[in-house]
Amino acid sequence: MILAILLSVSIAWYEISEFSIAHRFRRSPFELVLLALTAASPTAGAALVASNTTSWPWTMILTVTLALRTWLYLFRRGAEADVAERRTWQKE
């Protein structure tokens, strides 16, 4: 359980760091909820497994959360279409 909490804190720290893909985009309140669900997933999953509770509903929630976050970032990717000149590794 301690490892799960440490992993949750690490995920949250990464998400708010400048190295995260999410850092490139403005965050709405909805996205902050998705970020919190993503970060809390290791702790919630470990708690469910430790208590012998059915964990597949949480797995489905996490799957939907990650799918929504992916869709949001792909949807907003159009805003960075003008930065191709900075992507020198993709010019071949």
Residues two or more places apart in sequence or in another chain: which of them pass side-chain contact (heavy atoms from CB on, under 4.5 Å) with [X]?
| X | result |
| --- | --- |
| Ala46 | Met1, Ala4 |
| Thr53 | Leu48, Ser51 |
| Phe19 | Tyr14, Ser17 |
| Leu66 | Thr38, Leu62 |

Please give me the minimum heavy-atom distance between Ala39 and Ile11, naming the atom from each residue. CA-CG2, 3.7 Å
Nearest non-hydrogen partners of Leu72 and Glu31, listed with the distance: CD1-CG, 3.6 Å
Cluster partners of Ile2, using ILVMFWY side-chain heavy atoms under 4.5 angstrom, listed by chain and number? none
Hey, quick one: are [X] and [Y] part of the same hydrophobic cluster, counting side-chain heavy atoms closer than 4.5 Å, chains of contacts allowed?
| X | Y | value |
| --- | --- | --- |
| Ile61 | Val33 | yes |
| Leu37 | Met60 | no |
| Val49 | Trp56 | no |

With sequence neighbours left out, write down each residue that passes side chain to side chain donor-acceptor pair (under 3.5 Å) with Thr65, or none if nothing qualifies. none
Distance (rounded to the nearest 0.5 Å) between [X] [atom1] and [Y] [atom2]:
| X | Y | atom1 | atom2 | result |
| --- | --- | --- | --- | --- |
| Ser8 | Leu3 | OG | CG | 9.5 Å |
| Thr63 | Leu68 | OG1 | CG | 11.0 Å |
| Phe30 | Leu35 | CZ | CG | 12.0 Å |
| Ile16 | Ser20 | CD1 | OG | 10.0 Å |

